[in-house]
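Order of the sequence lines fixes the chain letters, A, B, ..., with proteins taken first and strands second; residue numbering starts at 1 for each chain. Computed from a prediction, not measured in an experiment: that's the story for all the values here.
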There are 2 protein chains.
Amino acid sequence: MTDVFHALADPTRRALLDRLFLKGGLTLSELAEGAPMTRQGVAKHIAILEAANLVTAEWEGRNKRHFLNPVPLTGIVHRWVGKFEDARLDALAEFKTRLEDPTDMDKKDTKRNG
Amino acid sequence: MTDVFHALADPTRRALLDRLFLKGGLTLSELAEGAPMTRQGVAKHIAILEAANLVTAEWEGRNKRHFLNPVPLTGIVHRWVGKFEDARLDALAEFKTRLEDPTDMDKKDTKRNG
DNA sequence: TTGACATGCAACCATTCAGTTGCATATTCG
DNA sequence: CGAATATGCAACTGAATGGTTGCATGTCAA
């Protein structure tokens, strides 16, 4: 859970996932070609993605081919985002109620600090 | 996008969101009571959640009341996870094909390094 | 006004992190 | 075999991070 979010919290890694989404089976060297960093840098990012199970790799001789694994994303949606999704309508309604109905806001919005 | 994932990539922050999910309107002090760190530590986490727009706060006198804002989560699902979700079935099928059909694997799985 | 309470700001520290560099290991090809 | 290619491992560094402590500011209540 933490690993997945952490892995996704980096534009470089998301770009890697995007590339693997468009075309699977890319090697480390191929992924490192367009990247604005060393091959080792990319390797570290990929290691993080693998640790989060977002990328699976297969050895093909001396080539390591990488594939996107979308399962953890599904897990996030269902285990974590889903419950908030369920509450989204209620929350929005509550939000609007609080924001639009001044009957409960008479003590709010006092300016303070900055 | 980065902010949201980064905000979610921390158990403390997810716990804060959980608490706000169960009961909105908690103050900083209330949120800090059960936390295994200083109030200032919690304040920093909340600042990150606010920067990611996952938490909205309203001033009520000297009390700052916090509310969960699930909208960014919805954004994640639709903008980012969604497209992989769409491809999930295809990807799984492709996965299974590669894993189960040996016709394309004759050069794979050579042991290497560790 | 005075004191207690809720929060914010800033400095500081130990740890983690992203990225680089250098070198080792394994595979392919001639 | 030996050279070239693909990758991994380890050490290092500057920057970011998580958390603390100390103090300032604003608000409520007597």
- Distance-minimising heavy-atom pair for B/His6 and B/Arg13: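 Where B/His6 meets B/Arg13 most closely, the heavy atoms are O-NH2, 3.1 Å.
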- Query: Which pair of heavy atoms, one from B/Arg14 and one from B/Leu8, lies closest together, and at what distance?
  - Reply: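 Taking every non-hydrogen atom into account, NH1-O, 2.7 Å.
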Can you measure [X] atom [atom1] to [N] atom [atom2] for me and round it to whole angstrom units?
{"X": "A/Ile46", "N": "D/dG8", "atom1": "CD1", "atom2": "P", "result": "8 Å"}
{"X": "B/Arg13", "N": "D/dT17", "atom1": "CZ", "atom2": "C1'", "result": "9 Å"}
{"X": "B/His66", "N": "C/dG8", "atom1": "NE2", "atom2": "C1'", "result": "12 Å"}
{"X": "A/Asp10", "N": "C/dT16", "atom1": "CG", "atom2": "P", "result": "19 Å"}
{"X": "B/Ile48", "N": "D/dA16", "atom1": "CD1", "atom2": "P", "result": "14 Å"}
{"X": "B/Asp3", "N": "D/dA16", "atom1": "CG", "atom2": "P", "result": "15 Å"}
{"X": "A/Asn63", "N": "D/dG8", "atom1": "CG", "atom2": "C1'", "result": "14 Å"}
{"X": "A/Leu28", "N": "D/dT5", "atom1": "CG", "atom2": "P", "result": "16 Å"}

- Selected nucleotide, minimal atom distance to A/Gln40 side chain, candidates D/dC9, D/dT20, C/dA18: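 For A/Gln40, the side-chain atoms sit closest to D/dC9.
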- Considering only D/dG18, C/dT20, C/dG8, which nucleotide approaches the side chain of B/Trp59 most closely?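 The answer is C/dG8.
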- Take A/Pro36 and B/Lys44, find for each the nucleotide of DNA chain C with the closest heavy atom, and name the residue whose nucleotide sits nearer the 5' end.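 Nearest-nucleotide comparison on DNA chain C picks B/Lys44.
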[N] OP1/OP2 closer than 4.0 Å to side-chain N/O of [X]:
{"X": "A/Arg39", "N": "D/dG8", "answer": "no"}
{"X": "B/His6", "N": "D/dA16", "answer": "no"}
{"X": "B/Thr38", "N": "D/dT20", "answer": "yes"}
{"X": "A/His45", "N": "C/dG19", "answer": "yes"}

- Item | Polar side-chain atom of B/Thr27 near backbone of B/Glu30 as donor-acceptor pair, under 3.5 Å |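 Here the side-chain-to-backbone pair exists.
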- NA contact type, B/Ser29, heavy-atom cut-off 4.0 Å: base, sugar-phosphate, or nothing?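 Sugar-phosphate, backbone atoms only, no base.
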- Just call it for B/Thr12: base, sugar-phosphate, or nothing, with non-hydrogen atoms closer than 4.0 Å on any strand.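 Result for B/Thr12 = nothing.
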- Message: What I want to check is whether an N or O donor and acceptor connect the side chain of A/Arg62 with the base of D/dT5 at under 3.5 Å.
- Response: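 In this structure, the two groups form a donor-acceptor pair.
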- Query: Please walk me through it: do A/Lys64 and A/Glu50 pass salt bridge (charged side-chain N to carboxylate O under 4.0 Å, His left out)?
  - Reply: CA-CA 12 Å; A/Lys64 188 184 177 190; A/Glu50 284 183 294; 3.0 Å; yes
- Do B/Arg65 and B/Glu58 pass the salt bridge (charged side-chain N to carboxylate O under 4.0 Å, His left out) test, and can you show the C-alpha distance, the side-chain angles, and the key distance before you say yes or no? CA-CA 5 Å; B/Arg65 306 219 164 265; B/Glu58 294 178 5; over 6 Å; no
